[in-house]
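Inspection log for the structure reproduced underneath, given as structure tokens.
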Amino acid sequence: MCRVRLDPHSYADDEQPQTRAIDLALRADFQKRTLEGEIALHFREAGAGIIDFDTRELRIDAVTALDGAPLAYELQAPDSILGARLRVTLPAGARGLRIRYGTSPSASALQWLEPSQTAGKEPFLFSQCQPIHARSLAPLQDTPRIRITVGTARFKVPSRLRTLMAAAAKGREDGGGGEAVDVFEMPQPIPSYLLAFAVGDLERRELSHRTAVWAERPVVDAAAYEFAETEAMIRAAEALFGPYEWDRYDVLVMPPSFPFGGMENPRLTFVTPSVLAGDRSLVSVIAHEAAHAWTGNLVTNANLNHFWLNEGFTVYAERRILEALEGRDSAELHAASGRHDLAAALDRLAARPKLTCLRTDLRGIDPDEAYSSVPYEKGYLLLRKLEETAGRPAWDAFMRSYLGRFRFQSITTDRFLEFLEAQLPGVAAKAGTLAYIDGPGVPAGAPEPRSTRLDQLRLGEVEPRNPTELLVVLQSTPPDAEKLRALDARWGLSQRRSLELRHNFVLLQIRAGMPDAVDAARRVLLETGRMRYLRPIYTALARRDPAAARRIYQEARAGYHNIARTVVEAVLKEQGAER
Ligand code: BES
Ligand code: ZN
């Protein structure tokens, strides 16, 4: 009875029926901070006997056959990483089942925001399911090995708010009592981590026949300006990787607490408001999330041991899109900045070298804790190495056939390697691929982002002429108070809207022991909940001034997502700055 689990983060068992489609009907209760309702799960084939689902902090009210006949079930004791297994006994010939349930106010996938925490001063609710939080939203087989469509999803919400789902909108019905029901369907099969919705007072601006931005009223015009190049990005990606398979591509600007830069929810990218720099300098985030429509959403990692297949390919695709739109030098600058991030991640993970391999073994490890730039930037380096080894034309043809061969499938690193060998024999070995996949750190002979412009900027021979160039300069500046004051006087770094620039500047200020560092750090930490900025600043601050780190966290905590709180608390603990 000791089966090998094919996904270290799911109770789903390969010998049991697999879900093919779901229906959802949920009511959002903003007072209680719960979702209440029902999920129907439809199987690929009729089954019988035991079936296991993933849940986290769910209250299960009833489990029935599709016709309503009650079924026996057991909600087991929770595991701290996986959550609780829900075990149901199916009658012979079962084609699906229904589960009535409610979520917890502390559901890890959800954040319920007070009006004071949003731009429009209205309540806001959003989900973030990647990597393993969908199970706190609904009982399901929460593994990307299993792809599902959504027949109908119905969200009952206060009628002055609106639900957006990463799905096709099917209209709004009156729900009575000041409530409305927003209806959706998702015809393309997706992994559970791509289930996503948000509820708020949202407005739309069209960008092209198939793209639009959504945001709260006070920011929607700024968002439309910032993301005006979205259609051009999709076109560039189509030219490189084949047709866009998801109909619409919309972008939803989230409240500041959103813990990521962006999330590639299908048809509807969620993006942090911190990309609204006012000068389109941070739109690589959109290039990245749009690229996921091919790498990640079309061809998906089978489980989180192969997360690099999602993110490494996507960083590679993102930089190819940027190269097509802005030229080689610009893509090279982004690659250089990514190399800087990778060096910092390798530093941080020095004591955990296994987490610096592309292929990981995350049994017993919380994927939110294992998260780093490694699968992104080391994955990018491998794919660039493969491109350089095969030559660009052959590599581009490979990319297209890879995406075509595995479209709407979930795969492992081995499937990729087999296909690579079949299509481009000998290239993997010549590039030293396994040293990237199963070896720690950066292999000797890895590609190094290079351009004349980059060298000139680093040597101080030319002045930066845009924010990306300024970032590269900042990243090669030593933590020297005098130098930093001069840079600030010249470029107004401490006043920049761009947190990409400001957080790097703050990190240097902290390392240089400058007296204004704590206040500058505090301003960033109160302004955003994006973990990319929180983690390094709390880490640096907790080393220098643990009391300040603790004090600022107490002040800022309410504005952070659960996932971010866990990460910051772990940082403070590691640095001995916990209370
Ligand atoms: N899919 C990720 C975000 C993610 C990863 C959420 C793992 C939960 C678990 C998204 O595509 C991403 O990579 N976002 C980056 C931005 C990007 C420009 C590198 C981020 O949030 O910083
Ligand atoms: Zn990504």
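Order of appearance sets the numbers: ligands from 1, and atoms from 1 within every ligand. Keep in mind that this is a model prediction, so the values were computed, not measured.
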May I ask you to check whether over 12 heavy atoms, not counting those of Arg450, lie within 6.0 Å of atom CZ? no

Kindly report the NE2-the Zn ion (ligand 2)-NE2 angle for His292 and His288 respectively, rounded to 10°. 100°

Could you go through ligand 1 and list every pair where one of its N or O atoms sits under 3.5 Å from a protein N or O, giving the atom names and the distance to one decimal?
| from | atom 1 | to | atom 2 | distance (Å) |
| --- | --- | --- | --- | --- |
| ligand 1 | 1 (N) | Gln130 | OE1 | 2.8 |
| ligand 1 | 1 (N) | Glu264 | OE1 | 2.6 |
| ligand 1 | 1 (N) | Glu264 | OE2 | 3.2 |
| ligand 1 | 1 (N) | Glu311 | OE2 | 3.0 |
| ligand 1 | 11 (O) | Glu264 | OE1 | 3.0 |
| ligand 1 | 11 (O) | His288 | NE2 | 3.2 |
| ligand 1 | 11 (O) | Glu289 | OE1 | 2.7 |
| ligand 1 | 11 (O) | Glu289 | OE2 | 3.2 |
| ligand 1 | 11 (O) | His292 | NE2 | 2.9 |
| ligand 1 | 13 (O) | His288 | NE2 | 3.1 |
| ligand 1 | 13 (O) | Glu311 | OE1 | 3.3 |
| ligand 1 | 13 (O) | Tyr376 | OH | 2.7 |
| ligand 1 | 14 (N) | Gly262 | O | 3.3 |
| ligand 1 | 14 (N) | Glu289 | OE2 | 3.3 |
| ligand 1 | 21 (O) | Gly261 | N | 2.6 |
| ligand 1 | 22 (O) | Arg530 | NH2 | 3.4 |

Please enumerate all residues that pass salt bridge (charged side-chain N to carboxylate O under 4.0 Å, His left out) together with Asp366, with sequence neighbours excluded. none

In chain order, what residues pass the side chain to side chain donor-acceptor pair (under 3.5 Å) check against Arg235, with sequence neighbours excluded? Glu231

According to side chain to side chain donor-acceptor pair (under 3.5 Å), who are the partners of Arg532, at least two apart in sequence or on a separate chain? Asp341, Glu500

State which residue, out of Leu474, Leu471, Ile510, Val524, fulfils the side-chain contact (heavy atoms from CB on, under 4.5 Å) condition with Phe505. Leu474

With Ser10 as reference, evaluate Asp54, Thr143, Asn303 under the side-chain hydrogen bond (donor to acceptor under 3.5 Å, both in side chains) test and give the passing residue. Asp54

Under the criterion ring pair (Phe, Tyr, Trp, His ring centres under 6.0 Å), which of Tyr533, Phe124, Phe126 is the partner of Phe258? Phe126

If you look at Glu311, which of its N/O/S atoms is nearest to the Zn ion (ligand 2)? OE1

